[in-house]
Structures are given as structure tokens and as C-alpha cells.
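What follows is a single structure, written as C-alpha cells, with notes after it.
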Protein chains: 2
Amino acid sequence: MPTETVPTVRPLRADAVRNREKILAAAATVFANRGLDATLDEIALEAGVGVGTVYRRFPDKEVLVAALFESGIDELATLALSAYESENSWDGLVWFMQEALSRQCTNKGLRDVVISTTYADQLKDSAKSRIGPALHKLIERAQRDGYLRTDVVESDFPIMEMMISSLGCVTNQLAPDLWRRYLTIMLDGLIVSRDAPTPLEQFPNDELVAAALRASSRHVKRSDALRTALQDDCMSD
Amino acid sequence: MPTETVPTVRPLRADAVRNREKILAAAATVFANRGLDATLDEIALEAGVGVGTVYRRFPDKEVLVAALFESGIDELATLALSAYESENSWDGLVWFMQEALSRQCTNKGLRDVVISTTYADQLKDSAKSRIGPALHKLIERAQRDGYLRTDVVESDFPIMEMMISSLGCVTNQLAPDLWRRYLTIMLDGLIVSRDAPTPLEQFPNDELVAAALRASSRHVKRSDALRTALQDDCMSD
DNA sequence: AATAAACGGAATTACTTTCTCCACTTACTT
DNA sequence: AAGTAAGTGGAGAAAGTAATTCCGTTTATT
């Protein structure tokens, strides 16, 4: 009998398996909060292991990202299909937008993957490419039924989701439902006819929203004390 | 007679004045395209002078930014005031949104300044703080007249502008008017009652939009060739 | 107890961005 | 026309930040 042709893939050691799980769990958390920009160092810290361990298990970030978000993207595709089951086509569309956005707004990593083109290729043939057609059917049906305005096209939807989730990810921490207001408004603008506007979700405290936006501002880097000191010597005018 | 108490501020040399103008012009262009993240080196290059020259004239970026955008912010405030002159309160609001956004979408720097909190303080007491009250009046009037839904608040507007301009700045180059579609949709969602939807602006070529989004993606940094090469050696699963 | 696998995390590499410095050039004196 | 102070360019110092490797130590497995 010939010896195993499979190149003797030794199973991982028990502790290595445990660590691999810890890393995946940590990556899920960290990517959800910080987005795909997160460092592998951050993930290692969160997982309670050294960076080396992360790199031994996942040769680079992209592999890790792909491993993690396959299922997230897949879920979005499933949502679109389920929405088509709904008997009322408008309700189905609304439901899809709400569900899809609630996932993208609470998971910055997911949002990044959906938008990004770098990771796109790796996931393209799996789930990501299933969302399009499903969404297309959903839209067409809602238009045929006279609910959805006929001058919107399929591509408008990812764009609107992108706009709304750009806010959602930012206010996620302090005002987690803020984005729903703007989805409601957009949907009220997308329906062909309605009498009264759909009531909006409660606007959270103004201060809270301001704080949320401030917190996410990228321009809060170096200490301002020094800057302010230099303020006046400007130059001739 | 006492000698001049003014500490003998020598006028700039002629070439220095010329360069100062060149720098301001270049900064306007570069900030508009790249946003406030632009390097002073980029500005120097665009101006055709050395970085040293830029730093001699403007001790740091913030001073330059403040010098440049004072008027931009001021213009937005003026727009809000003019909009209030309009006899129809809804039309005034629509007009303001369109005008304000068309400026913020073609000028990423302006958008950044409006959103940012770092630069906010420097401009706060000048123009930026005048926008709020003017907008408030505009909104209140449109609500009183029964046009604008009464469950939106003043703070919703900057947020909606932020969402829309986030798209606008990105597609600015290849699909400069794309944002107008979403403004139209939002406005159709903001009005209390309407029969038919307001017709949308033409959707540009799908490829074009995809290209525009791709071009702006931050994840297109290092050469992918190398990455792809490593793709398969992944690890045990 | 032997040993191969796995570990941690400091150190290296490879940027990117801000800002300084100084040898050289140029505009304004007189 | 010569002197000189003002101005210039742009290399490079300084200060990050992020990705990835390396190796002395620890640990699971036999």
C-alpha cells in the first residue's frame, strides 16, 4: 500500500487551537469597533496573545478578514432573499434596508468589507455577488407594484446604504439608533405616494450627538496647547 | 516726538508677496481636492515653491487653513440668510441645501472644516456660529408653513449634509452631480405632503460610479502583486 | 525526560508626515 | 554697482505609525 499522499498535515497543538479561536473572537470585536484599519497588534492585545502568534496563524490581515467576514456578507445576501419572501413588496424592501443597515452600522468592519474593493475579490465569487441579483429582484418587484419610485436604479441602494452607514458607524457608540431617522426620511422619499410622513425615531440628546461626532474626528491628533501658543506670531498680512 | 511705537513691521519683499499669493492659490486647489489631510509639501509642489517657503509664511497648517476657509464658511452663513429672503419657505430651504451642498461637495477642504472640531474653534466666533441661527429660522418657518415635517430638528440638517457630502466629495471627479439624486430623495422625504416624487437627476454610467468609489478607497496602498502571491500558503484550518 | 511546536514581544523594516536648517539667490538700498 | 538683509529651495532630521520577523523561552505531547 502506498503511504499517505496527503503531506502529513499534523493537527494543531491544543493550545494553538485555543489561541486561534481567541484570535478570531478578538478580531471580530476589534474589526467591528475600529473597522478594517485596526492593527494586528490591537487584535493580539485584545486576544491576550503576542503579535507573533497572530502572524503565525494568519499570514496577513487579508486572510484573517476574509475568514471572518465571509459569513457576514453571506448573511446580507440571505437577508435580501428573505425580504423577497415578504408578501408586501414595499415592506420587504424596508425590512431589508433596516436589517442590512443595522448590521453595517454596528459593525464597522462589515461596512468596510462591503465597500472595499481590495477585499472584494476574495469574497466576490462567494456571497458578495449574490447580494446584487437578490436586491435587484426586490427592487424590481417594489417598482412593479407601484410602491418604489421608478427613477431609482439598483446602484442607488448600495450608495444610500453607504451614506447612512457612514453616519451609523460614527455615532454607533453614543447614539446607536440615530441612523434610523435618516433611513426613515429616505424611505419616505423613495415611496411613490404617501399622505403623512412616517414618524421618526426619537432624536437623542444634542450634546450626545455632538460628542459622538467629535470623538470620531480624525483631526484630534497632536496636543493643541503648543499650537495655540504659536497662534499669534503668524506673519505679516 | 516719540519714535514709532509700532515695532517697525517691514513690508514683505516683492517676490515674497508673489509667493504668498501662489501658496494661497495652491492651497485652495489642493485642499479642495484632497481635503485638509493634504500635506504642506503637496501645496508647495503645486505652488512651485519649496516647503521651506510655505513654512516661513504660514507657521503651520492650521493658520493656513483658517486664512483660507474663513470666507468659505462665511459664504455658507450668507446662503442661509439669503434663503430666508425667499418668499416660499420650502423653496428657500431646498435652495439652501442645494447651494450649500454644491459647495461642500466640490470642496473637500470646506467640508472638512465644517465638520472638524479642531479648526472649529478658530472660526467659531466668526462665521461658523452664524450658520446655526440662520438655519434655525429657515427650518422653523418651513415647519410653520406646513411644508417641512415637524419631527425633524435643527441638528438633523448638518447631519444630512454630512452624509450627502461624504458621497459628493468622493464621486466629485467622475460623477460630479450624483449627490443631487440623494438630496432630492431626502427632500422628498422631508416634505409633509406631495403627490408624485420629484424627478431625479440622471444616474451616470454605472461603471463610472464604481470607478469613482474605487478610486477613493483607502485600501489601495501597497502593491497587491506580492499579496496575491502569498494567498495560498494560508495555514491549517 | 525529550523534543518539536508554539509562544511573546522586542526589534527591524518600511513607510509617511511635519518641520528645520543652511548654503545659495535675489530684491531693495544708497 | 556693490552691499546686505530678506528670501529661497529642498535635503534631511525628527517623530510618528503599521507590518512583519526573529529568537530565547515556555509548553503540549510522546
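Residue numbering restarts at 1 for every chain, and letters A, B, ... go by the order of the sequence lines.
- In this structure, B/Asp60 contributes its side chain and B/Val63 its backbone to a donor-acceptor pair below 3.5 Å.
- Rounding to the nearest 0.5 Å places CD1 of A/Ile159 at 11.0 Å from CD of A/Glu154.
- OP1 or OP2 of D/dT8 has at least one side-chain nitrogen or oxygen of B/Arg57 nearer than 4.0 Å.
- Here the P atom of nucleotide C/dT20 and the CZ atom of B/Arg56 are 11 Å apart, to the nearest Å.
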Between the protein and nucleotides 12-15 of chain D, which nitrogen or oxygen pairs come in under 3.5 angstrom?
none

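- Taking atom CD1 of residue A/Ile23 and atom P of nucleotide C/dA6, one finds them 12 Å apart after rounding to whole Å.
- In this structure, B/Leu45 places its CG atom 14 Å from P of C/dT17, rounding to the nearest Å.
- Note: A/Leu40 CG to A/Arg57 CZ = 14.0 Å, rounded to the nearest 0.5 Å.
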Report, one line per pair, each donor and acceptor closer than 3.5 Å where one atom sits in a side chain of residues 26-35 of chain B; sequence neighbours left out.
residue, atom, partner, partner atom, Å
B/Thr29, OG1, B/Ala25, O, 3.1
B/Asn33, ND2, B/Thr29, O, 3.4
B/Arg34, NE, B/Glu42, OE1, 2.3

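- In this structure, CZ in B/Arg180 is found 12.5 Å from CG in B/Leu167, a value given to the nearest 0.5 Å.
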For nucleotides 25-30 of chain C, read 5' to 3', which letter fits each nucleotide if B means a protein heavy atom sits under 4.0 Å from the base, S means only the sugar-phosphate is that close, and - means neither?
-BSS--

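- Note: CD (B/Glu21) to P (D/dG7) measures 15 Å, nearest angstrom.
- Atom CZ of A/Phe58 and atom CG of A/Leu24 lie 4.0 Å apart (nearest 0.5 Å).
- Each of B/Lys108, B/Arg103, B/Arg111 was scored for a side chain to side chain donor-acceptor pair (under 3.5 Å) with B/Ser165, with one residue passing: B/Arg111.
- Separating the CZ atom of A/Arg34 from the P atom of D/dA18 is a distance of 11 Å, rounded to the nearest angstrom.
- Listed pair B/Asn19 / D/dT8 meets the phosphate criterion, a side-chain N or O lying under 4.0 Å from OP1 or OP2.
- A heavy-atom distance below 4.5 Å is found between the side chains of B/Leu79 and B/Leu76.
- Not one side-chain nitrogen or oxygen of A/Thr53 sits closer than 4.0 Å to the OP1 or OP2 atom of C/dA6.
- With hydrogens and angles left out, the side-chain atoms of A/Thr53 and A/Asn19 include no donor and acceptor closer than 3.5 Å.
- With rounding to whole Å, A/Leu36 atom CG is found 15 Å from D/dA18 atom C1'.
- When rounded to the nearest whole Å, the span between OH of A/Tyr55 and P of C/dA10 equals 16 Å.
- Atom-to-atom, CG of A/Leu40 to P of D/dT21 comes out at 11 Å; the value is rounded to the nearest Å.
- For A/Thr39, the side-chain atoms get nearest to D/dA18 when compared with the rest of D/dA18, C/dC7, D/dT8.
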